[in-house]
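As structure tokens, the structure follows; a few thoughts come after it.
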Amino acid sequence: MFEPDGTPEPDPAELERIYRRAPVGALTVAGIATGLVFALWLAFYLIVFLPRGFLS
Amino acid sequence: MSLLGNRPLGGLATITVVVVGCFAFAIGFILLPAAEPQATLWERICRAAGSSTAIGANTGGAALPGFTSVVLPASAMTRGTPLQIGRGATLALRCTACHGAQGLSGANAPNLAGQYPEVIYKQLVDFKRGARSDAVMGALVAALTEKDMLDLAHYYAYLPRQESDQPLAAAPPLVRVGDPMRNIAPCASCHGSQDGKTGAPALEGEPQTYLRTQLTAFATGTRKNDPNAVMRGEVRRMTAAEIDGLARHYAGVSPENAAGAYP
Amino acid sequence: MIKARGLILAHFWTAFVLFFAALWLGEWQMLIRSPLHAWISIPEHYYRSVTAHGTVMAYVFPLLVAMGFGYAISELSLKQPLIGIRWAWAAYALVAAGALMAAGAVASGAASVLYTFYPPLIGSPFYYIGVVLVVVGSWMWVALMAVNLHRWRKTNPGKIVPLPMYANVAGAYLWAWTAVGAALEILLQILPVALGFKTTIDAGLARVLFSWTLHAIVYFWLMPAYIAFYVIVPRAIGGRLYSDVMARLSFALFLVFAMPIGIHHLFADPQVGSGFKYVHSVFTGMVVIPTLLTVFTICASVEIAARLRGGKGILGWVRALPWRNPAMLGLAFSFVMLGFGGAGGLINMSYQLDSTVHNTQWITGHFHLIFAGAVVIMYFVLAYDLWPHLTGRPLGQLDLIRAQLWLWLIGMLVMTIPWHLAGLLGMPRRMAYFDYSNPAIAPQAWTVTAAVIGGAMLVGSGALFIFILFRSYFGPRLSLSEYRFSAPVHVTAVPKALNGFAVWVALMIALTIANYGVPIAQLMFAKTNVPAVFYFNR
Amino acid sequence: MNAATPDAGGAEADVAERRWAMVSTGLVVALLGVIAFTGLHWASMPLSAIEPIDPTTLHISGEFVEQNLGAQLRPDGSVIVRLIAQQYAFNPQCIEIPVNTKITFRGTSADVVHGFLVTGTNANAMLVPGYITTFSTQFSHLGDHLMPCHEYCGTGHAAMWAHVRVVPSKEFERNILGNEGGHCD
């Protein structure tokens with residue numbers, strides 16, 4: 001219900017062109033986001049977990 | 001044309017899952033326990049599966065004299081039969097001088113009417129075995145059998161309890177919320193009015209002097225028949241004034257009327 | 001127009017009203033344990049409230065949303081009237097009756113055992129029976145989803161199951177098997193004791209069985225949100241779904257990997273060997289993969305929308321996204337919270353790393369970010385999206401909707417990020433009060449105050465949500481075009497395995513047995529029953 | 001979208017998704033690798049032994065009778081700490097241990113499920129009635145730590161806080177010999 005009224009159907013050729021180069025942007029954004037998530041994990045591991053000692 | 005579409009995806013997925021599983025089990029059960037020195041492969045696998053034979057830190061030990069040795073039987077926690085209650089009533093004739101004809105004491109002995117049966121049973125056994133000492137009680141319980149003690153417990157549990165009409169919200173903080181940093185639990189979370197704990201007595205209406213004496217005995221360690229030091233731990237860090245306040249509260253004596261002795 | 005709209009609206013309204021009530025309980029809990037308030041005079045009231053909050057938020061609310069959404073998906077994507085609508089009403093009645101019964105037991109103070117049950121604590125049997133009724137009702141929904149799909153296949157031989165229904169049925173099957181762990185715990189362990197047939201119970205076994213449910217239920221909560229990511233958002237922002245097949249694969253992988261990982265909740269427990277703990281850690285890692293696939297596919301889908309709107313550059317396209325569109329806002333907020341929550345989740349599941357945060361306020365922060373944040377904000381979005389098709393009336397101005405979503409995001413972050421920090425400082429979960437005068441606890445006090453503020457924003461956002469939905473009834477009647485789900489850029493061939501569930505359900509059951517069989521069997525034969533501790537006012 | 005016939009396109013998405021899937025899997029495998037390395041290199045892993053124990057007889061016989069609770073020095077110089085959790089207190093309520101020494105905790109519950117953590121450290125475990133919890137660790141910082149129960153154990157849960165006091169080894173040995181060691185109740 002959110003789409004603006006009368007969104008025109010995209011031109012198939014234009015859509016295909018966008019589709020073919022699309023993942024570049026998604027790869028960048030998803031890559032940065034995922035990288036940050038794993039970086040947070042690594043930061044926790046190094047800064048919080050390791051100095052607090054080990055259980056065995 | 002889909003690249004995935006050409007492949008038998010189900011088989012591929014199954015193989016992947018099996019491979020991941022094998023790696024996970026190999027690392028978890030063989031490689032990681034290798035950090036434990038001097039273990040054979042089989043011992044490592046058993047250890048990782050939770051086998052405890054490798055630990056062997058079990059040190060023996062037996063309770064020292066003066067500590068309780070009671071394990072509460074299920075028969076002490078159920079409602080008594082009419083036969084038990086009747087027999088208990090006969091036996092209780094010997095107790096009336098201190099504990100009152102209806103289990104409500106006129107002296108400074110505890111009220112027993114409506115007390116939980118397992119509580120009475122446990123204290124009787126502790127008196128009998130010497131984990132709790134009292135000149136009068138020691139002599140009285142000497143002749144009681146296991147069955148006698150159970151029947152007595154069920155008789156007193158059957159008598160109507162004195163109910164408190166004080167709302168919990170008006171009780172002293174130690175009763176409601178305790179003191180976390182001194183590890184003093186709220187009295188109400190074990191001794192009724194909010195929540196109960198097996199083996200913990202109901203305290204409402206007990207004589208003030210009796211309560212103060214017992215709390216002090218727990219605090220100093222002269223009484224130690226509480227299993228795992230459950231009461232000694234709670235009382236150890238209380239001040240004398242706090243003990244006094246608790247005794248007054250449970251005796252039903254309001255602070256404004258503190259001079260009025262029980263009953 | 002949806003035919004079963006009365007049924008769906010009943011589910012949604014019940015869900016949202018209960019949700020709003022439980023939201024208030026949550027805020028009250030934060031307030032009374034904060035330094036802004038004196039210690040609660042009767043702590044049992046706090047735990048009563050936590051039990052109610054958890055039971056509604058973890059069981060009843062997401063179940064009702066998933067059920068209502070499932071019925072809508074079945075009608076809209078299969079384009080056939082819902083089969084078994086009487087059964088659906090019966091299922092609704094069971095869930096509602098169960099919820100009422102459980103609520104009664106909790107409200108009376110006879111079941112303050114928390115929604116995670118915690119045997120050997122035993123509460124009123126009515127609480128557990130209520131929960132069982134809720135689960136039985138939900139299983140009827142699972143059966144109805146299967147029946148509707150089966151009928152569609154008969155009338156449409158050889159055709160590919162529409163993605164929304166595929167995902168929906170995956171979620172239903174996931175739930176059916178997820179609930180088995182807790183059902184076994186309640187039926188075989190807890191109820192016989194609560195009803196007085198037994199006096200002892202194995203607390204360790206109960207925890208293992210509950211862990212079976214406890215983590216997979218999170219993926220069941222996620223399902224409606226993920227379905228909305230794939231089949232609502234790309235359409236709502238004028239884009240295309242990047243890959244239909246990858247979407248199916250993600251849902252199939254959730255089905256496989258959601259279950260055999262629950263022992264990562266028991267890393268600190270003494271009744272499971274470390275080998276199984278590591279295996280569950282690895283498989284928890286595997287369940288990260290469908291989420292990462294989803295993040296990429298959805299990013300690519302919205303990128304298409306942005307470029308269709310003239311977006312340029314490697315990152316510049318992000319600015320061309322329709323940021324005033326509530327579906328876009330909801331998605332972005334959901335991803336932000338999924339990111340923070342996901343990082344915390346990776347830490348929790350990492351075998352040894354869990355010991356730093358286990359059972360601290362960190363964990364509470366984590367699952368509020370993931371569920372109450374990333375997932376529930378998508379519940380809002382999917383409800384908004386379906387609403388006009390259910391009521392036949394518009395939602396009115398989008399400004400309020402945007403405000404509602406913003407408030408939810410900010411409130412959730414203000415509440416949960418301090419909770420994570422409090423956990424690192426060693427603040428344990430589930431305390432009714434703290435002695436902030438102690439110098440070791442004083443540094444944590446501000447985090448609880450922050451939670452009160454964040455919680456107030458969440459209550460405000462919840463109130464706005466209810467208001468927006470309610471106000472729509474006073475709008476003019478709409479004549480709506482047919483409801484559509486997102487279309488993929490390309491309709492590709494779907495591998496046979498991804499048009500059905502046989503392989504995935506088989507793998508799900510096999511992996512559960514492989515990863516849980518021995519830990520459960522070990523404890524069934526161990527002599528570790530302990531006396532039940534009855535939680536009743538005596 | 002449903003039931004449409006496949007068109008000719010769509011291969012690009014597959015390639016991109018497969019690459020992304022490989023990168024994702026690589027990240028997860030790396031993370032699991034770090035965990036395995038941590039386990040191997042520092043012998044660090046969650047507790048493993050399943051040791052049953054009867055919670056109703058803890059106070060009568062076995063290693064958890066009262067005089068055994070608290071810290072004890074072992075012949076190899078390490079320290080063993082035995083503790084019981086019950087509604088609503090730990091026993092001992094204050095544990096004294098030496099710094100930079102291997103400490104083996106052995107604990108169990110006398111009634112319901114409890115748990116404990118020592119603030120600022122990784123010492124963190126559940127105490128489940130019917131089972132003994134065992135793990136070893138070291139404390140590198142002198143001073144007092146809080147040790148709350150971190151699992152809901154009933155209405156008195158919020159008052160269940162114990163203390164851990166980490167002292168220099170000399171002081172610990174002196175207290176142990178003076179028969180005051182092991183706990184600071």
Side-chain angles (χ1 to χ4, degrees), chain C residues 43-44 47 77 112 114 118 120-121 156 159-160 162 202-204 207 242-243 246 267-271 273-274 277 281-282 285 288-289 292-293 296-297 346 350-352 355-356 358-360 425-426 428-433 440 485 487-488 490-493 522 526-531 533, chain D residues 1-7 9-10 13-14 16-17 20-21 24-25 27-29 31-32 35 38-39 44-52 55-56 87 111-113 115 117 119-120 122-134 144 146 148-158:
Chain C
E44 191 268 333
Y47 300 110
S77 72
S112 302
L114 305 200
Y118 292 130
L121 278 181
N156 297 273
K159 287 193 182 162
I160 301 295
D202 189 327
R207 287 176 67 79
Y242 183 63
S243 168
M246 275 300 153
F267 284 152
D269 274 44
Q271 76 278 10
S274 63
K277 288 173 178 171
S281 190
V282 169
V288 174
I289 290 168
L292 292 178
L293 286 180
F296 176 68
T297 308
L346 285 177
S350 295
Y351 202 49
Q352 312 98 336
S355 65
T356 312
H358 174 75
N359 256 349
T360 65
L425 294 173
R429 290 168 78 172
R430 304 183 180 115
M431 291 271 169
Y433 45 91
F485 291 107
H490 288 286
V491 180
T492 51
Q522 269 175 321
K527 298 232 179 315
T528 39
N529 276 1
V530 300
V533 175
Chain D
M1 61 169 285
N2 53 319
T5 40
D7 57 36
D14 255 11
E17 296 271 12
W20 174 258
S24 309
T25 312
L27 279 171
V28 170
V29 168
L31 187 154
L32 293 170
I35 294 172
T38 310
S44 161
M45 61 175 70
L47 36 156
S48 189
I50 306 176
E51 286 182 86
T56 62
Q87 289 173 324
D111 39 44
V112 299
V113 180
L117 59 85
T119 50
N122 279 336
N124 190 330
M126 303 302 301
L127 298 167
V128 181
Y131 303 85
I132 298 175
T133 294
T134 303
D144 285 357
L146 291 174
C149 172
H150 64 36
E151 189 59 283
Y152 176 66
C153 54
T155 54
H157 168 57

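Here is how names work: the chains are called A, B, and so on, in the same order as the sequence lines, proteins then strands, and each is numbered from 1.
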Name the member of [options] that forms the most heavy-atom pairs with chain C at distances under 4.5 Å.
options	answer
P129(D), G130(D), G120(D), A125(D)	P129(D)
L146(D), I35(D), V28(D)	I35(D)
L47(D), T38(D), T133(D), D144(D)	L47(D)

Below 4.5 Å from any heavy atom of chain C, which atoms of [X] appear? Answer side chain, backbone, both or neither.
X	answer
L32(D)	both
L31(D)	side chain
V112(D)	both
P52(D)	both
L117(D)	side chain

List for me each residue that meets side-chain contact (heavy atoms from CB on, under 4.5 Å) alongside P531(C), sequence neighbours excluded, and say none if there are none.
P55(D), T56(D)
With a 3.5 Å distance limit and no angle check, can you tell me whether S281(C) reaches the backbone of K277(C) through a side-chain donor-acceptor pair?
no
Okay, side chain of T119(D), backbone of G426(C): is any donor-acceptor separation there less than 3.5 Å?
no
Kindly determine whether T360(C) and R429(C) satisfy side chain to side chain contact (heavy atoms under 4.5 Å, CB included), including the steps that lead there.
CA-CA 5 Å; T360(C) 65; R429(C) 290 168 78 172; 5.7 Å; no
Max heavy-atom pair count under 4.5 Å with chain D, selected residue of P120(C), G285(C), A526(C), S243(C):
P120(C)
With chain D, which of L346(C), N529(C), L293(C) has the greatest number of heavy-atom pairs at distances under 4.5 Å?
L293(C)
Name the region of V288(C), side chain, backbone, both or neither, that has any atom closer than 4.5 Å to a heavy atom of chain D.
side chain
Need one label for Y118(C): side chain, backbone, both or neither, based on atoms under 4.5 Å from any heavy atom in chain D.
side chain
Angle class for the F296(C)/W20(D) ring planes (parallel below 30°, perpendicular above 60°, tilted otherwise)?
parallel
In H157(D), E151(D), H150(D), the residue satisfying side-chain contact (heavy atoms from CB on, under 4.5 Å) with P428(C) is H150(D)
side-chain hydrogen bond (donor to acceptor under 3.5 Å, both in side chains) filter on N122(D), not counting sequence neighbours, yields T356(C)
Assess, by modelled atom type and distance only, whether the side chains of Y131(D) and T528(C) contain a donor and an acceptor separated by less than 3.5 Å.
yes
